[in-house]
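One structure is given here, and the rest of the page talks about it.
For clarity, every value in this text was computed on a predicted model and none was experimentally measured. Below, read A as the first sequence line, B as the second, and so on, with proteins coming before strands; counting in each chain starts at 1.
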Amino acid sequence: MKEKTRVREVLAAPAAGARYVVKGWVRTVRVGKEVAFIALNDGSCLASLQVVATPALANYEEVSRSGTGAALEVSGTLAASPAAGQRYELQAEEITITGAADEAYPLQKKRHSFEYLRTIAHLRPRSNTFGAVFRVRSSLAQAIHRFFAERGFLYVHTPIITASDCEGAGELFRVTTLDLAHPPLVAGEVDYAGDFFGQATGLTVSGQLEGELFAMAFSDIYTFGPTFRAENSNTSRHAAEFWMIEPEIAFADLAADAALAEEFFRYLCRHVLDHCGEDLAFFNEHIDRGLIERIGNVADSAFAMMEYSEAVERLKRAPVAFEFPVEWGLDLQAEHERYLTEQVVGGPVFIVNYPKEIKAFYMRQNDDGRTVAAMDLLVPKVGEIIGGSQREERLDLLTTRMEEVGIAPADLWWYLDTRRWGSCPHAGFGLGFERLIMYLTGMENIRDVIPFPRTPRHAEF
RNA sequence: UCCCCAAUAGCUCAGUCGGUAGAGCAGGUGGCUGUUAACCACCUUGUCCCUGGUUCGAGUCCGGGUUGGGGAGCCA
């Protein structure tokens, strides 16, 4: 095969005149008798390359009839475009139709609803919006690894399959090789002793507990991988399979945790502004006007911090009627979080030190005896985007707390061992990758920032 | 899981008071043109989500269901 040049590179050429081979998919064709214009896109950037075809081509008739979606290989010479709309165009000398696309091609050169595009998720990456979404997603994933690598963090692959169902409150997907029609039974219950792992197992809902084990050896670590929740959640912000970033830092307290989260979040805002400009401009114009300004503000401003107790007081004094009650000891609802970040602060804000009753067992108990060292980062438009805490490193307090909330310490003996030998203050947080992408693109549905979304009743593709 | 809304051509949608279905895009034909999701003319395309009911008559009103969307809870 002839070596190709990406459209992105061709469009960035210093001058016209060179010959190129470009391969991609047709976005639109505008046909005439003496000339046809083909917008060719290969996903390397948002812009398409204008290919100019003339009847001099042996297969001009065929080429001019190729519709939106067809795959073409074009050899030609780059020329300065005489018309407005593009700097360069490729004067085709030879065009091969690699894969034709007829009128049944579901992606037309017009606006489609996101709902419809979800039903053709195998083709939607060829659209402008989803091309931009998945380029930004890829770029952000690499930026996340770079951020941690620059700071000496160890990247750890925590297990996908887990036997501990007390990691969090999330419902586990079951992993089994048992014959579901005829499972082995003992006293009417399924006997997992005969299952593949000899015990009940499921897909992970968090890599945090294993991450803590590695932090107790490598000091600063992070995980970045898929996570699964079998919750029957039908919202624009929940998926059954999503990706999560979970750093864990040893010899660190909640303040250090929040400082890391802020540096991390601002780094990623700065990253898309500096590296995804074309796609961001597209989102800013078509999806969310004000996006670039909002991201820029976050990248440049220090984040506020507010005690949970103060947040409750502010909400109580708020001159608005909330649907849910505000009382010390109750969890903050989405409407409360939005009010705090959008109205009270007008920017990102950490809420810290929550009542221990509404938070997980592993969070470090504060000296007041009623709060734990937890933090949530709230951002305008989205609400909670990061949740983290300092972990309880004191063995006696941790085991007591586990018993209080009904988690058998024996099941997590390995977790408790880190508190038994060489324990130290440590902290970490979790960032939902898709929610980050939503925040940085303005896309409002999690199903539209993950290639093939898994949600209740949906595992197509 | 709960609340609300929606479902009409391949896609995006309109459809008045209940009177028998329409536009744009896509597709076809022709024209025109260095075009810019080109343009102009003509043409083709319907299980009006399913089901039951009210009615002389239902895309339209009512009941049940399915699917999708928005919101809430759970959370990331």
Roughly, in whole Å, what's the span from [atom1] in [X] to [atom2] in [N]?
{"X": "A:K359", "N": "B:C75", "atom1": "NZ", "atom2": "C1'", "result": "10 Å"}
{"X": "A:E171", "N": "B:G73", "atom1": "CD", "atom2": "C1'", "result": "14 Å"}
{"X": "A:R229", "N": "B:C74", "atom1": "CZ", "atom2": "C1'", "result": "10 Å"}
{"X": "A:H112", "N": "B:A37", "atom1": "NE2", "atom2": "P", "result": "15 Å"}
{"X": "A:L49", "N": "B:U36", "atom1": "CG", "atom2": "C1'", "result": "13 Å"}
{"X": "A:I38", "N": "B:A37", "atom1": "CD1", "atom2": "P", "result": "16 Å"}
{"X": "A:Y116", "N": "B:A9", "atom1": "OH", "atom2": "P", "result": "12 Å"}
{"X": "A:E337", "N": "B:C75", "atom1": "CD", "atom2": "P", "result": "11 Å"}

[atom1] spacing across the pair [N] / [M], given as an integer number of angstrom:
{"N": "B:G57", "M": "B:C17", "atom1": "C1'", "result": "14 Å"}
{"N": "B:A23", "M": "B:C61", "atom1": "C1'", "result": "26 Å"}
{"N": "B:C50", "M": "B:U66", "atom1": "P", "result": "15 Å"}
{"N": "B:C56", "M": "B:A41", "atom1": "P", "result": "46 Å"}
{"N": "B:G73", "M": "B:A37", "atom1": "C1'", "result": "42 Å"}
{"N": "B:G15", "M": "B:U60", "atom1": "C1'", "result": "9 Å"}
{"N": "B:U47", "M": "B:C11", "atom1": "P", "result": "11 Å"}
{"N": "B:G22", "M": "B:U33", "atom1": "P", "result": "35 Å"}

Drop me the distance from [X]'s [atom1] to [Y]'s [atom2], to the nearest 0.5 angstrom.
{"X": "A:S236", "Y": "A:I446", "atom1": "OG", "atom2": "CD1", "value": "8.5 Å"}
{"X": "A:M216", "Y": "A:T418", "atom1": "CE", "atom2": "OG1", "value": "5.5 Å"}
{"X": "A:S66", "Y": "A:D102", "atom1": "OG", "atom2": "CG", "value": "12.0 Å"}

Tell me whether [X] is salt-bridged to [Y], with the criterion being a basic N under 4.0 Å from an acidic carboxylate O.
{"X": "A:R8", "Y": "A:D42", "value": "no"}
{"X": "A:E357", "Y": "A:R370", "value": "no"}
{"X": "A:R391", "Y": "A:E248", "value": "yes"}
{"X": "A:E404", "Y": "A:R401", "value": "yes"}
{"X": "A:R364", "Y": "A:E393", "value": "yes"}
{"X": "A:R19", "Y": "A:E93", "value": "yes"}
{"X": "A:E285", "Y": "A:R289", "value": "no"}

So [Y] and [X], do their side chains get closer than 4.5 Å, heavy atoms only?
{"X": "A:L107", "Y": "A:I120", "value": "yes"}
{"X": "A:L140", "Y": "A:I437", "value": "yes"}
{"X": "A:D376", "Y": "A:L332", "value": "no"}
{"X": "A:R118", "Y": "A:D448", "value": "yes"}

Reading nucleotides 40-48 of chain B 5' to 3', which nucleotides get B (base under 4.0 Å from a protein heavy atom), which S (sugar-phosphate only), which -? ---------
Annotated protein contacts, base or backbone, on nucleotides 23-34 of chain B with a non-hydrogen cut-off under 4.0 Å, one of B, S, - each: -BBSS----SBB
Sole candidate of A:F429, A:F147, A:F148 that passes ring pair (Phe, Tyr, Trp, His ring centres under 6.0 Å) when paired with A:Y222: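 The option that passes is A:F148.
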Would you tabulate the side-chain donor-acceptor contacts of residues 262-273 of chain A under 3.5 Å, counting partners in other chains and residues two or more places apart, or write 'none'?
unit_1: A:E262; atom_1: OE2; unit_2: A:R266; atom_2: NH1; d: 3.1
unit_1: A:E262; atom_1: OE2; unit_2: A:F303; atom_2: N; d: 3.2
unit_1: A:E263; atom_1: OE2; unit_2: A:R151; atom_2: NE; d: 3.1
unit_1: A:E263; atom_1: OE2; unit_2: A:R151; atom_2: NH2; d: 2.9
unit_1: A:R266; atom_1: NE; unit_2: A:A299; atom_2: O; d: 3.1
unit_1: A:R266; atom_1: NH1; unit_2: A:S301; atom_2: O; d: 3.4
unit_1: A:R266; atom_1: NH2; unit_2: A:A299; atom_2: O; d: 3.4
unit_1: A:R270; atom_1: NH2; unit_2: A:D300; atom_2: OD1; d: 3.0
unit_1: A:H271; atom_1: ND1; unit_2: A:H275; atom_2: ND1; d: 3.3
unit_1: A:H271; atom_1: NE2; unit_2: A:S139; atom_2: O; d: 3.4
unit_1: A:H271; atom_1: NE2; unit_2: A:S139; atom_2: OG; d: 2.7

So, is A:R30 near the phosphate of B:A38, with a side-chain N or O under 4.0 Å from OP1 or OP2?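 Indeed, a polar side-chain atom of A:R30 lies that close.
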Touch check for A:A36, heavy atoms < 4.0 angstrom, all strands: base, sugar-phosphate only, or nothing?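 Nothing, no heavy atom under 4.0 Å.
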Would you mind classifying the nucleic acid contact of A:I385 as base, sugar-phosphate or nothing, using non-hydrogen atoms under 4.0 angstrom? sugar-phosphate
Aromatic contact between A:Y339 and A:F322, with the criterion being ring centroids under 6.0 Å apart: yes or no?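 Yes, close enough.
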Where along residues 119-134 of chain A does a heavy atom fall under 4.0 Å from RNA chain B? none
Only Watson-Crick and G-U wobble pairs with both distances less than 3.5 Å should count. Give RNA chain B in dot-bracket notation, marking inter-strand partners with |. (((((((..((((.....[..)))).(((((.......))))).....(((((..]....))))))))))))....
Checking only heavy atoms, does the side chain of A:H238 share a donor-acceptor pair with the base of B:C75 at less than 3.5 Å? yes
Please check if atom CD in A:E335 has more than 12 non-hydrogen atoms from other residues, nucleotides or ligands closer than 6.0 Å. yes
Please write out the pairs of protein N or O atoms and N or O atoms of nucleotides 65-72 of chain B separated by less than 3.5 Å, giving the distance to one decimal.
unit_1: B:G68; atom_1: OP1; unit_2: A:H458; atom_2: NE2; d: 2.1
unit_1: B:G68; atom_1: OP2; unit_2: A:R457; atom_2: NH2; d: 3.2
unit_1: B:G69; atom_1: OP1; unit_2: A:R118; atom_2: NH1; d: 2.8
unit_1: B:G70; atom_1: OP1; unit_2: A:N445; atom_2: ND2; d: 3.0
unit_1: B:G70; atom_1: OP2; unit_2: A:N445; atom_2: ND2; d: 3.4
unit_1: B:G71; atom_1: OP2; unit_2: A:S236; atom_2: OG; d: 3.1
unit_1: B:A72; atom_1: OP2; unit_2: A:R237; atom_2: NH2; d: 3.3
unit_1: B:A72; atom_1: N6; unit_2: A:N234; atom_2: O; d: 3.4

